[in-house]
Amino acid sequence: MKVVALAGGVGGAKLVNGLSRILPFDNLSVIVNTGDDFRYSGLYICPDIDTITYTLAGLNNPITGWGRKDETWKVNEERETWGYPSWFHLGDKDLALHMERSRLIEEGYSLTEITRYFSKNFHISQTILPMTDSIVRTMINTRELGKLAFQEYFVKHKFQPRLTSIELDGIQTARISTEVEAELQSCDLVIICPSNPFVSIYPIISIPGIKRILNDKTIIAVSPIIGGKAVKGPAAKMFEELGMASSSYNVAKFYRGLIQGFILDRADETEVHLIDQWGIISMATDTLMSDLDSQIRLAKQVIKFGSTLAKGNEA
Ligand code: FO1
């Protein structure tokens, strides 16, 4: 069974890592959010692509979830002595990757080509694809500070300003790449990873060509909310600021019309019958991925559940 996973950063990377241990490498592709990408210190940074890449290469920092393990910070420290406002921390090895990507972008290579080259360099066999080669930027409108680019909101202001709405600059003219189109067309199952629905998944499913293909696919989503709380990041806070309770039920509601299946944590099992009412088949299991074993265990359950739905849709 050919699987495409839609993913943002850390939460997505954990499930993708589990999937990579149980599926043949040529049966797994990951389409990654690039709405968080930005230029910093003159460099082209793609945080979510890099988190997925480092994770599949076994090089990710297990404490932060982003960046490299066994990292040094000499360049960052040196720049801080010059008074450089380094609110976004770049380790030395990570920096080398951003420098190389920036050089290749300057030379005219697409993000899809560069991501493939990096994967090859790190001996990753699965396919990692940016959601688009067009420039789409997630902008966060806030009560206190107005419109902020995603990383300013997320890292610089530690997602403290209150969100009023989200905009995707460039979305109207964004184009699906031939690689994303081919992977989606040929897959049997799409898995929406337990990433933030608003800022990690919404940008991907908003790319005009992607949305069109998804309408014909079997899609299941895994909730990033457990017992009303986000495992990491601002998802729970965003639900509340947008006037909704932070719950798996509201995650399923957000994906209503797109997904056929939904996986939520046992802590939220009482929400299953509410979600089923919308014709979404849901399943409760342990969704917290605190180590490799739990990533693999969840991945197995996701594939088993997804296969049943995909076969049902074929019949
Ligand atoms: N997140 C932080 O909270 N602080 C950082 O200094 C930081 C640096 C960073 C460098 C490279 C990279 O690929 C990711 C980095 N992140 C950092 C994570 C990133 O900003 C977010 O986790 C994602 O954009 C949200 O998915």
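All ligand and atom numbering here is 1-based and tracks the order in the structure.
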Quiz item: Quick one: are E152 and W87 in side-chain contact, heavy atoms under 4.5 Å?
Solution: yes
Pick out the protein N or O atoms lying less than 3.5 Å from any N or O of ligand 1, and list each pair with its distance.
from, atom 1, to, atom 2, distance (Å)
ligand 1, 1 (N), W66, NE1, 3.3
ligand 1, 6 (O), H89, N, 2.9
ligand 1, 6 (O), H89, ND1, 3.0
ligand 1, 20 (O), Q151, OE1, 2.7
ligand 1, 24 (O), D36, OD2, 2.8
ligand 1, 24 (O), Q151, NE2, 2.8
ligand 1, 26 (O), D36, OD2, 3.3
ligand 1, 26 (O), D48, OD1, 2.8

Exercise. Ignoring hydrogens and angles, state whether a donor on the side chain of D50 or T53 is under 3.5 Å from an acceptor on the partner side chain.
Key: no
Quiz item: Which class fits the ring pair Y153 and F159: parallel under 30°, tilted 30 to 60°, perpendicular over 60°?
Solution: tilted
Practice problem: Could you tell me whether Y109 and Y117 have their ring centroids closer than 6.0 angstrom? | Solution: no
Practice problem: Looking only at non-hydrogen atoms, find the nearest pair between S246 and K229 and report the distance. | Solution: OG-N, 4.4 Å
Quiz item: Does the pair E100 and R103 meet the rule for a salt bridge (charged side-chain N to carboxylate O under 4.0 Å, His left out), with working shown?
Solution: CA-CA 5 Å; E100 185 61 358; R103 183 185 72 80; 2.9 Å; yes
